[in-house]
Amino acid sequence: MSTLSNKRIIVGITGGIAAYKSAEIVRRLQDRGAEVQVVMTPSAEEFIRPLTLQALSGYPVHADLLDPEAEAGMGHIELARWADLLLIAPATADFVASMVHGRGNSLLNAIYLATPARIAVAPAMNQGMWSHPATSDNMQTLKQRQVMIFGPDSGIQACGDIGEGRMQQPDTIVDQVANCFETGQLSGKKVVITAGPTREAIDPVRYISNHSSGKMGYSLAAAAVEAGAQVTIISGPVSLTPPDRCTVIPAVSAAEMHNAALAACVDADIFIASAAVADYRPVNVAEQKIKKSADSIELKLEKNPDIVSAVAENFSDLFVVGFAAETQDIETYARDKLVRKKLDAIVANDVSRTDVGFNSDDNEAWWITADSCQAFSKRSKTQLARDIIDAISKQIAR
Ligand code: C5P
């Protein structure tokens, strides 16, 4: 059974009789490991009580776009960015029409417009409404916008009609949710990813390091697993839980990471260097804790091995992706690195900003290859990771 662990899902409930099944959907998504938050339209509250969904999801139910208190907690933009998937179930004919027209008149509409996440709708309506050309056109438009459509089913409807328009059963919907995270683009490929910072010992208790959280590398690992790859993370010291189905090789110093990367890449297809490797390390590591007696001490540093360059040099068939953290002239500096380190692609980002990058959940980046430069606007690291994995898959398929 496919897992949804590490997945964050917003279940959007609109006002139809099938809304009673949404509670079951929330439960089944959680059973598969997903974290779920619920957003309801005002008319959905006529069909199912928010309290039920709050108790099930473990989160307050979000309903009001103009509630200052709710916005102070998790506002609609944060919610939109939080999610890996927005699942609207049930989606009424009216709500589908409002999506098509890009209306932002309810919290759920605003989230639909703002989210970079995948979007799925499970339509539920009377068979006559479903077969109306207006609804057919609307569904077509949503499909063209890459919205996934689950169902609907046929059968006896709540109104007594028989025909197409019933919302699919919760289990069927949840299976499709799980499937949509398994893209299979990298199935059969082995991906090695360096992640997090390195620590360069000064003495037994002190070290040189940096603020890298490892989130980008771990998100890339999760996205590569989703795409069907066999994934090894060579991880510096981080406080993150690795995604399911990854092999994690811990490495503390750059030298350890270097050795682990060269060993892991022997049978790999793709190497992604997202670690923030310390550039220098102390020449001598004191065996005992350095005492605080002298007014000043000198620390002599030597250069660490460049891991990504070494991997690119040793494995010419490997598709090698590096990262470039820049503060100015991003594309120029990143291109220089692409050539100098013999990379196939580089992901460049602006580290002068505080709202993205180091220690943030969001990132904005440029995907740069020898003959292209594609911008990825600000989005969650989870989503950016998927976009990078997608770009890698397309590039190696060329
Ligand atoms: O040279 P710079 O540190 O800016 O290059 C960044 C890229 O090189 C990243 O992909 C990083 O993981 C990789 N790198 C490395 N080994 C080093 C330094 C950087 O693999 N010693």
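Atoms within a ligand are numbered from 1 in the order they appear, just like the ligands themselves. All values below were derived from every heavy atom in this structure, side-chain atoms included, with hydrogens, water molecules and symmetry-related copies excluded. Throughout, residue positions are numbered sequentially from 1 according to the sequence presented.
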Query raised in the report: Is there a path from I149 to M129 through hydrophobic residues (I, L, V, M, F, W, Y) whose side chains come within less than 4.5 Å of each other?
Result: yes
Query raised in the report: Short N/O distance, under 3.5 Å, between T194 and ligand 1?
Result: no
Query raised in the report: What atoms of ligand 1 come closer than 4.0 angstrom to any heavy atom of G322?
Result: 10 (O)
Query raised in the report: Is F47 reachable from I88 through a run of I, L, V, M, F, W or Y residues, each pair having side-chain heavy atoms under 4.5 Å apart?
Result: no
Report summary line: Closest heavy-atom pair, L86 versus Y112, reported as atoms and distance to 0.1 Å, is CD2-CA, 3.7 Å
Query raised in the report: Can you name the nearest heavy-atom pair linking G188 to D269, along with the distance?
Result: O-OD2, 4.2 Å
**Report entry** Pair R32 + D175, salt bridge at N-O below 4.0 Å
**Finding:** yes
Query raised in the report: What residue and heavy atom of the protein are closest to atom 1 (O) of ligand 1, and at what distance?
Result: K341 NZ, 2.8 Å
Query raised in the report: Quick one: does A275 get within less than 4.0 Å of ligand 1, heavy atoms only?
Result: yes
Query raised in the report: In the protein, which heavy atom is nearest to atom 17 (C) of ligand 1, and how far is it?
Result: V277 CB, 3.5 Å
Query raised in the report: Among protein heavy atoms, which sits nearest to atom 16 (N) of ligand 1, and what does the distance come to when rounded to 0.1 Å?
Result: I307 N, 2.9 Å
**Report entry** atom 21 (N) of ligand 1 - nearest protein heavy atom and its distance
**Finding:** P305 O, 2.8 Å
**Report entry** Connected-component partners of I234 among ILVMFWY, side-chain separation under 4.5 Å
**Finding:** V192, I249, M257, L262, V266, F271, V277, I307, V308, V311, F315, L318, V320, I330, L338, L343, I346, W366, I368
Query raised in the report: Can you list the atoms of ligand 1 that are under 4.0 Å from a heavy atom of V308?
Result: 8 (O), 13 (C), 15 (C), 20 (O)
Report task. Under 4.0 Å, heavy atoms only, figure out whether ligand 1 is touched by the backbone of A325, its side chain, both or neither. Result -> neither
**Report entry** Protein heavy-atom partner closest to atom 4 (O) of ligand 1 - residue, atom, separation in Å
**Finding:** K337 NZ, 2.5 Å
Requested in this report: May I ask you to check if ligand 1 and A278 share an N or O to N or O distance below 3.5 Å?
Outcome: no
Query - Members sharing Y280's hydrophobic cluster (side chains within less than 4.5 Å) - result: I202, I208, I290, I297, L299, L301
Query raised in the report: Would D390 and R386 pass as an ion pair if we require N to O under 4.0 Å?
Result: no
Query raised in the report: Looking at atom 6 (C) of ligand 1, what's its closest protein heavy atom, distance included?
Result: F323 O, 3.0 Å
